[in-house]
Amino acid sequence: MMNKFIWAPLRALLRKVPESTALLGLSVVTGLLCGLAAVALKVSIHAIQGWLSGIMPGSRLPYLVLPGVGMLLSLLIVKFLVRDNIGHGVTKVLQAVSKNESKIKRHNIWSSLVTSALTIGFGGSVGAEAPIVYTGAAIGSNLGRYTGMSYRGMTLLLGCGAAGAVAGIFNAPLAGVLFTLEILLFNLSMSGILPLLLSSISATLVSYLCLGRVSPFAATIVDFRMGNVPFYLLLGMLCGLFSLYFIHTTLGMEDRLSRFKNPYLKWVVSSVALGLLIFLFPPLHGEGYNFLGPLLNGLDPEIGNGTPIGVLMNFGWGVPLFFLLVALLKVFSMTFTNAGGGVGGTFGPTLFVGALVGFVVADVMNLIAPGAVPVANFVLVGMAGLMAGVMQAPLTAIFLIAEISGGYELLVPLIITSAVAYGTTRIFEKYSIYTKRIAASGELLTHEADKAVLTLLRMEDLLEKDFLPVRMDYTLGKLVEAVSSSERSLFPVVDARGRFQGYVTLGDIRKDMFRPELYEQRHVFNYLKTAPEYVYPQDSMEAVMRKFEKTGAWNLPVVDDDRKYLGFLSKSKIFNAYRESLKDFSQD
């Protein structure tokens with residue numbers, strides 16, 4: 001019904017204008033929808049938190065249980081209603097671009113939003129940003145698909161959705177554009193930036209009109225002093241080292257928790273561990289942004305009453321020690337939340353941990369020399385530093401913090417710390433937390449156009465299946481019959497079960513094929529050649545090209561894990577497809 005009365009007429013209308021023009025209008029629509037989605041997520045989280053605090057006031061004991069309840073609700077929705085893996089939203093968007101023609105399933109428009117609202121609203125220690133990015137990307141992807149956009153247009157609308165989501169959740173339009181350019185879409189032409197800007201501005205206006213300019217990161221900023229540059233350099237190095245800890249601890253914990261095959265057992269373990277962590281360290285509850293308010297405005301940090309470890313707050317050096325422990329444990333609480341069935345991202349925890357690293361550095365400096373550095377400045381700059389290292393997106397980090405805090409006067413320390421943190425991280429780690437896993441599979445798009453295009457080539461589009469297979473026990477006479485009925489000069493040899501054994505070429509039998517007396521004497525196995533290498537369907541195109549380079553072959557057989565013959569890949573066909581894709585990929 002919708003296709004008949006909405007999408008079909010809209011497609012017909014859009015076909016009358018150039019796609020580049022249609023994309024401008026669709027980018028605005030995408031931005032408006034993403035802004036509404038961001039507002040819905042914010043309002044839902046706050047509504048759930050307000051409802052729970054109203055029915056359970058003044059007690060810390062619910063902290064032991066409520067986060068697990070939110071995780072269980074999300075787990076049940078995903079398992080029985082969604083029936084799909086919706087965690088790690090930003091990584092899923094990257095995989096959609098590089099592996100699935102920028103197509104994202106329709107349910108992601110709402111599933112990530114609903115489950116993350118429940119997870120965070122009940123106290124799950126994750127961020128709302130990655131789920132809203134997944135939601136925004138799904139909005140853009142599906143809008144592009146239903147309006148008949150090309151792959152390039154759909155990819156751009158997917159990026160518009162992600163940009164609009166970041167802009168809407170933070171009221172930061174420039175950061176939304178930079179996030180998409182640095183993390184999601186590489187080698188985007190200049191003509192593609194305008195739709196991103198339109199989407200980001202549209203989402204920001206919707207968010208601003210619905211919720212106002214209220215920000216959890218409002219800060220009392222002190223003017224930048226050149227004398228503090230060495231401290232910002234130190235903060236940058238520490239943020240880089242913390243970024244390495246954040247990335248490797250998160251991925252290592254995920255690997256360990258993945259050993260639990262029963263999702264309910266994993267939920268029990270994760271919810272108990274998370275409840276204990278939040279009970280002992282209240283700042284780990286939810287996104288944690290509300291605990292940053294005092295730190296950003298020169299006030300004494302507050303953690304509430306009832307936590308036994310809170311006694312550290314009564315001692316001068318106990319305060320930075322307490323928040324250092326919180327920063328170290330946030331990675332664990334975040335991973336337990338996601339592993340136990342909750343849905344949330346690493347974006348928010350990255351900002352939170354960065355803020356605490358900045359606070360700890362400033363507080364230690366001020367304990368050594370009272371008044372040495374401004375705490376609020378270091379909290380904000382620490383957020384940018386850790387984001388630059390963990391996400392390996394320094395420009396996004398710099399301008400996001402400048403936009404959400406109104407602190408453009410901090411631009412110099414933001415640049416210094418972010419650059420140092422990024423450089424420190426890159427010395428030891430090539431990939432961000434979003435890309436490390438998928439880079440190992442060869443499915444990651446990069447900033448290098450040649451590698452990006454190679455990643456986008458699909459084996460099923462390049463597989464040649466018109467080679468006529470022959471059996472190992474065929475006589476030369478039967479092989480000659482196959483030659484006469486085939487237009488190819490190469491013949492894969494298979495056994496009775498269809499498993500690849502080798503190949504025969506026309507050149508191998510040329511001297512004997514005109515000697516009928518040999519037709520019954522000689523067989524295919526007399527001419528058989530062994531393939532120098534096999535290609536498997538799961539191989540990345542980059543791995544395939546390495547096999548071609550290693551063997552020097554122009555054709556390689558494709559087989560499954562049981563060595564069943566599937567077809568051949570030709571180096572020349574890959575090169576032709578590569579040249580055409582590079583032309584399309586680079587055009588304005």
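Everything numeric in this text was worked out from a predicted model, so none of it was measured.
- Side chain to side chain, S74 and T119 meet the donor-acceptor criterion of an N or O pair below 3.5 Å.
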What's the verdict on side-chain hydrogen bond (donor to acceptor under 3.5 Å, both in side chains) for S333 and S125, showing C-alpha distance, side-chain angles and the deciding distance? CA-CA 6 Å; S333 64; S125 192; 2.8 Å; yes
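- For Q95 (side chain) and V90 (main-chain N/O), no donor-acceptor pair under 3.5 Å exists by modelled atom type.
- Residues K92 and N85 form a side-chain contact, since some pair of their non-hydrogen atoms from C-beta on lies under 4.5 Å apart.
- Inter-residue side-chain proximity for M253 and V331 is flagged as unmet; no heavy-atom pair is nearer than 4.5 Å.
- Taking every heavy atom of both residues into account, C34 and A165 meet most closely at CB-N, 3.9 Å.
- With sequence neighbours excluded, the residues satisfying ring pair (Phe, Tyr, Trp, His ring centres under 6.0 Å) with F378 are Y232.
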I'd like to know whether H107 forms a side-chain contact (heavy atoms from CB on, under 4.5 Å) with R83, so could you lay out the CA-CA distance, the side-chain angles of the two residues, the decisive distance to 0.1 Å, and finally the verdict. CA-CA 10 Å; H107 71 72; R83 297 179 181 178; over 6 Å; no
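- From L386, atom CG reaches atom OH of Y422 across 15.0 Å, with rounding to the nearest 0.5 Å.
- Distance CG/L274 to CE/M334: 12.0 Å, rounded to 0.5 Å.
- Considering all non-hydrogen atoms of both residues, P263 and L75 come closest at O-CD2, 4.2 Å.
- Between F336 and F332, the ring-plane angle classifies as tilted under the 30° and 60° cut-offs.
- L244 CG to I433 CD1: the interatomic distance, rounded to the nearest 0.5 Å, is 11.5 Å.
- When every heavy atom of L196 is checked against every heavy atom of C160, the shortest pair comes out as CD2-N, 3.5 Å.
- Under the 3.5 Å distance criterion, the side-chain polar atoms of E287 are left unmatched by any main-chain donor or acceptor of G127.
- Here the side chain of S418 pairs no donor or acceptor atom with the backbone of A397 at under 3.5 angstrom.
- Heavy-atom minimum distance, I247 versus G389: CD1-O, 4.1 Å.
- Side-chain atoms of E182 come within 3.5 Å of backbone atoms of L395 as a donor-acceptor pair (strictly under, hydrogens ignored).
- For the pair V343 and N338, the minimum side-chain heavy-atom distance is 4.5 Å or more.
- Pairing each heavy atom of K42 with each of G168, the nearest pair is NZ-O, 3.9 Å.
- Put simply, the side chain of F242 does not reach to within 4.5 Å of the side chain of M237, judged on heavy atoms.
- With contacts defined as side-chain heavy-atom distances shorter than 4.5 Å, the pair V390/S432 does not qualify.
- W267 contributes a side-chain N or O that, together with a main-chain N or O of G68, makes up a donor-acceptor pair within less than 3.5 Å.
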Side-chain donor-acceptor distances from residues 360-367 under 3.5 Å, at least two apart:
{"residue": "N366", "atom": "OD1", "partner": "A372", "partner atom": "N", "Å": "2.9"}
{"residue": "N366", "atom": "OD1", "partner": "V373", "partner atom": "N", "Å": "3.0"}
{"residue": "N366", "atom": "ND2", "partner": "A362", "partner atom": "O", "Å": "3.3"}
{"residue": "N366", "atom": "ND2", "partner": "V373", "partner atom": "O", "Å": "3.1"}

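- Annotation: Y208, atom OH; neighbour count of heavy atoms from other residues, nucleotides and ligands within 6.0 Å does not exceed 12.
- Within the structure, salt bridge (Lys or Arg N to Asp or Glu O under 4.0 Å) contacts touching residues 245-258 (residues at least two apart or in different chains) are E254-R437, D255-R437.
- In this structure, the side chains of V133 and F179 come closer than 4.5 Å at one or more pairs of heavy atoms.
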Which is it for T204 and N171 under the side-chain hydrogen bond (donor to acceptor under 3.5 Å, both in side chains) test, yes or no, and what are the steps along the way? CA-CA 5 Å; T204 303; N171 279 349; 5.4 Å; no
CA sep, side-chain torsions, deciding dist, call: K266, V269, side-chain contact (heavy atoms from CB on, under 4.5 Å): CA-CA 5 Å; K266 186 159 59 172; V269 172; 5.9 Å; no
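- Using the six-membered ring where Trp is involved, F217 and F170 have ring planes that are tilted, between 30° and 60° apart.
- Proximity of Y134 to L113: side-chain heavy atoms (C-beta onward) are nowhere separated by under 4.5 Å.
- Atom CG of L157 sits about 10.0 Å away from atom OG of S102, to the nearest 0.5 Å.
- Remark: side-chain polar atoms of Y434 are not paired, donor with acceptor, to backbone N or O of M391 under 3.5 angstrom.
- A distance-only check finds a donor-acceptor pair linking the side chain of S53 to the backbone of G50 [under 3.5 Å].
- The two residues Q392 and K430 have their closest heavy-atom pair at OE1-O, 3.1 Å.
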Would L324 and L356 count as a side-chain contact (heavy atoms from CB on, under 4.5 Å) here? Give the steps. CA-CA 7 Å; L324 176 62; L356 296 188; over 6 Å; no
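- Panel note: side chain N142, backbone A138; a donor-acceptor pair is recorded below 3.5 Å.
- Within the 3.5 Å criterion, the main-chain N or O of T135 finds no donor-acceptor partner in the side chain of N108.
- Judged purely by atom type and a 3.5 angstrom limit, T396 uses its side chain to pair as donor or acceptor with the backbone of L178.
- Rounded to the nearest 0.5 Å, atoms CG (L41) and CD1 (I45) are 4.0 Å apart.
- The distance from the OG1 atom of T417 to the CE atom of M387 is 14.5 Å, given to the nearest 0.5 Å.
- Using a 4.5 Å heavy-atom threshold, the side chains of L235 and F231 count as separate.
- The aromatic rings of W51 and F122 lie perpendicular to each other, with more than 60° between the two planes, well past the 30° mark.
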